[in-house]
Amino acid sequence: MHFRGFTLFSVFTIVLFTIFSSVPQAYAAGKSEDRSLKPSSPFSRALETLQKQIGYTFKSTGLLRHAMTHASFSEENNKALGILGTHVIETSALLRSLEKDIDMSSKELNKLILEISNVESSCSVDGARLGLQKVVRVSPKTDPSSPTIVCVAFRAIFGAIAIDSGNTDEAAKIFWSIHSGKVGRAVSL
């Protein structure tokens, strides 16, 4: 009877070891960045380049992968990160404006939000300057250079940074460095 208990314990231990020894590999593959591994795919290399261009290194590159994945490509996509990024950008713009002029009218504030959120003239331009149309993953039938797709990917970067850093201020700081035109292309066009 004692031998049978020892055997069950041994089998149970081996099963647990097998399960938990694969968890770090799965985590490193998508949820965390193992700096000792070189990026192997063109997408991974593009993400590495993008991080250098924006001046932010993700603790969890899985967040950046999400940010650069359109809904046409996968159910795990950038929609939620794009929404968060939009709010980070808009809140930051409002905060900067009100710091300069606390008496700014609501009409002026709304105009500012419309300008900074404009797909055609603002976020897609900034995203195209980064070369996001070459990075974002889309289905074969989807045009990655569409202003809406580039814009959502651009906004999603800041949602991803906010989550990765646990701080919207960091995301806003990176946004302003890019929006001010200080950042070049992430991928050659």
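In this chain, residues are counted from 1 in sequence order.
When all heavy atoms of Ala162 and Ala171 are compared, the pair lying nearest together is N-CB, 3.8 Å. Here the shortest heavy-atom pairing between Ala67 and Ile157 reads CB-N, 4.0 Å. Closest approach of Asn78 and Ala153 over heavy atoms only: ND2-CA, 3.8 Å. Nearest heavy-atom pair, Ala71 versus Lys79, reported as atom, atom and distance to 0.1 Å: CB-CE, 3.6 Å. Looking at every heavy atom in both residues, Val138 comes nearest to His70 through CG1-CB, 3.6 Å.
The side-chain heavy atoms of Arg65 and Leu47, taken from C-beta on, include a pair separated by under 4.5 Å. Side-chain contact between Lys134 and Ser145: absent, with no pair of heavy atoms (C-beta onward) separated by less than 4.5 Å. Using a 4.5 Å heavy-atom cutoff, the side chains of His66 and Glu76 are in contact. At least one side-chain heavy atom of Ile54 sits under 4.5 Å from a side-chain heavy atom of Ile161. Two residues are said to be in side-chain contact when any heavy atoms from C-beta on lie closer than 4.5 Å; Phe158 and Ile174 meet this criterion. Contact annotation: the side chain of Ile149 never approaches that of Leu132 to less than 4.5 Å [non-hydrogen atoms, C-beta and beyond]. Taking 4.5 Å as the limit, some side-chain heavy atom of Arg137 sits within range of a side-chain heavy atom of Thr69.
No continuous path of hydrophobic side-chain contacts links Val119 to Ile178 [ILVMFWY only; heavy atoms under 4.5 Å]. Under the 4.5 Å side-chain heavy-atom criterion for ILVMFWY residues, a single connected hydrophobic cluster contains both Ile116 and Val150. Note: the hydrophobic cluster containing Leu50 also contains Ile163 (ILVMFWY, side chain heavy atoms under 4.5 Å, direct or indirect links). Neither Val136 nor Leu63 shares a network with the other; the hydrophobic side chains, linked directly or stepwise wherever heavy atoms of I, L, V, M, F, W or Y lie under 4.5 Å apart, form separate groups for each. Grouping the Ile, Leu, Val, Met, Phe, Trp and Tyr side chains by contacts below 4.5 angstrom, directly or via other members, places Leu84 with Ile89.
A donor-acceptor pair shorter than 3.5 Å can be found between the side chains of His179 and Asp126.
Between the side chain of Asn110 and the main chain of Lys107, no donor-acceptor pair closer than 3.5 Å is present. Under a 3.5 Å cut-off, the side chain of Gln53 and the backbone N or O of Leu130 do not form any donor-acceptor pair. At distances below 3.5 Å, not a single donor-acceptor pair connects side-chain atoms of Ser74 with backbone N or O atoms of Asn77.
Under the disulfide bond (SG atoms under 2.5 Å apart) criterion, the residue pairs touching residues 41-136 are Cys123-Cys151, with sequence neighbours excluded. Within the structure, ring-ring contact (aromatic ring centres under 6.0 Å, His included) pairs that include any residue of residues 79-128 do not occur (at least two apart or interchain). Listed by first then second residue, pairs satisfying salt bridge (Lys or Arg N to Asp or Glu O under 4.0 Å) with a partner in residues 142-171 read Glu170-Lys173, not counting sequence neighbours.
Checked against side chain to side chain donor-acceptor pair (under 3.5 Å), Ser92 has the following partners two or more places apart in sequence or in another chain: Trp176. A search for side chain to side chain donor-acceptor pair (under 3.5 Å) contacts involving Glu108 returns Ser105, not counting sequence neighbours.
Think of Leu109 as one node in a network of Ile, Leu, Val, Met, Phe, Trp and Tyr side chains linked at under 4.5 Å; its network also takes in Leu94, Leu98, Ile102, Met104, Ile113.
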Evaluate the side chain to side chain donor-acceptor pair (under 3.5 Å) criterion for residues Ser40 and Arg45: first the C-alpha distance (whole Å), next the side-chain angles of each, then the deciding distance (0.1 Å), finally the verdict. CA-CA 7 Å; Ser40 58; Arg45 287 190 297 275; over 6 Å; no
